[in-house]
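Hydrogens, waters and symmetry mates are skipped; everything else that's a heavy atom, side chains included, is used.
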Amino acid sequence: AGASWQPIGDGFFGPSDPFNWVLLAIGSITFWAPNLSLVLLLWLARSLAFASAWKALSLLTLKAWQRNLGALTFALLPAFGAAINSGEYPAVVATISIPWLVYAIARAAGIGRRGSARSDARTWSWIGLSGVLLAIIGAASPALALLALFGLGVVAFTKLRRFGYLFWIPLPLAAIYLPLA
């Protein structure tokens, strides 16, 4: 997944598109038939988007009807439906992952209704999850990765006490793009 044949000049092996790693991870769920995982992703995409938005909205409100309405609106976005219908896996993966990234960064930074993680180990777990999600979003949509990095910078500079933790979140994204640089 990390290297591919590049037909430039006489040809050479070079780094692949970073989204290959995401496709490898999704396809490994049903390793005997990797395409089955991709079909299941498209089939469950609206449900996964609803669940991720519902969880992210739990940072803002306790009322279930508000979370349900917001998550339903997110899951039924016309652009998301068009991405599902046309089989645009990067757009589907990015749309499902964005609310989880928001939730994980908020938990690592101590933002939201419930505040910070209760222990140092949990904080590092949220940071690790945030890093993996940022790498997934960066592989699926580099433009969204820039927006997410800007948002992470805003959070890091508003929560200066957590800056030392939040500094580590972009490292997986840098690791998947370093071979291309």
Side-chain angles (χ1 to χ4, degrees), residues 1-2 16-30 34-60 67-68 70-109 111-112 114 117 122-156 165-178 180:
S16 291
D17 180 27
F19 193 66
N20 282 350
W21 291 105
V22 176
L23 290 176
L24 176 71
I26 293 170
S28 297
I29 295 170
T30 57
N35 288 339
L36 180 61
S37 295
L38 296 174
V39 169
L40 289 174
L41 174 68
L42 291 181
W43 189 53
L44 296 172
R46 291 201 189 268
S47 301
L48 293 171
F50 179 87
S52 65
W54 192 85
K55 191 67 174 172
L57 288 171
S58 71
L59 293 167
L60 301 175
R67 289 193 290 191
N68 288 338
L72 187 62
T73 302
F74 182 77
L76 295 176
L77 286 172
F80 186 51
I84 293 169
N85 290 337
S86 62
E88 295 176 15
Y89 290 104
V92 171
V93 168
T95 304
I96 293 169
S97 302
I98 287 170
W100 284 114
L101 177 66
V102 169
Y103 183 75
I105 288 175
R107 294 294 291 152
I111 299 172
R114 292 185 271 173
R122 278 199 185 162
T123 300
W124 283 110
S125 296
W126 286 116
I127 288 169
L129 179 63
S130 299
V132 170
L133 287 169
L134 183 61
I136 288 170
I137 291 170
S141 174
L144 278 177
L146 292 175
L147 185 62
L149 285 172
F150 177 75
L152 178 63
V154 169
V155 168
Y165 290 117
L166 299 175
F167 172 78
W168 300 101
I169 292 175
L171 286 182
L173 179 65
I176 65 170
Y177 275 104
L178 187 63
L180 293 176

Per-pair distances, 0.1 Å, donor-acceptor, side chain in residues 166-177, under 3.5 Å, sequence neighbours excluded:
unit_1: Trp168; atom_1: NE1; unit_2: Gly164; atom_2: O; d: 3.1
unit_1: Tyr177; atom_1: OH; unit_2: Gly138; atom_2: O; d: 2.7

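- The distance between the ring centers of Tyr165 and Trp126 does not fall below 6.0 angstrom.
- Side-chain contact between Leu24 and Ser28 is present, with at least one heavy-atom pair separated by less than 4.5 Å.
- Note that CG of Leu44 is 8.5 Å distant from CD1 of Ile96, once rounded to the nearest 0.5 Å.
- Ser97 places no side-chain N or O within donor-acceptor distance of the main-chain N or O of Ala94, the cut-off being under 3.5 Å.
- For the residue pair Leu77 and Arg46, the shortest heavy atom distance occurs at O-NH1, 4.3 Å.
- Of the possible donor and acceptor atoms, none in the side chain of Ser52 sits under 3.5 Å from a partner among the backbone N and O of Trp100.
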Test side chain to side chain contact (heavy atoms under 4.5 Å, CB included) applied to Leu38 and Asn35, step by step: CA-CA 5 Å; Leu38 296 174; Asn35 288 339; 4.1 Å; yes
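- Here the straight-line distance linking atom CG of Leu41 with atom CG of Leu36 works out to 11.5 Å at 0.5 Å rounding.
- The distance from atom OG1 of Thr123 to atom CZ of Arg107, rounded to the nearest 0.5 Å, is 8.5 Å.
- Put simply, the side chain of Phe50 reaches to within 4.5 Å of the side chain of Asn68, judged on heavy atoms.
- Looking at Ser86, its side chain does come within 3.5 Å of a backbone N or O of Ala82 through a donor-acceptor pair.
- Nearest heavy atom pair, residue Phe74 against residue Thr95, reads CZ-O, 3.3 Å.
- Between Leu101 and Ala148, the shortest heavy-atom distance links the atoms CD2-CB, 3.9 Å.
- Of all non-hydrogen atoms in Ser37 and Ile29, the two that sit nearest each other are OG-CB, 3.6 Å.
- The backbone N or O of Gly81 sits less than 3.5 Å from a side-chain atom of Asn85, completing a donor-acceptor pair.
- At a threshold of 4.5 Å between non-hydrogen side-chain atoms, the residues Phe80 and Val92 count as touching.
- In this structure, Ser58 and Arg67 have side chains that are in contact, with non-hydrogen atoms separated by less than 4.5 Å.
- Residues Ile105 and Ser130 come closest through the heavy atom pair N-OG, 3.4 Å.
- Contact between Val102 and Leu59 at its shortest, heavy atoms only, is O-CD1, 4.2 Å.
- Here the side chains of Val93 and Ile26 are in contact, with some heavy-atom distance below 4.5 Å.
- A heavy-atom distance below 4.5 Å is found between the side chains of Leu42 and Tyr89.
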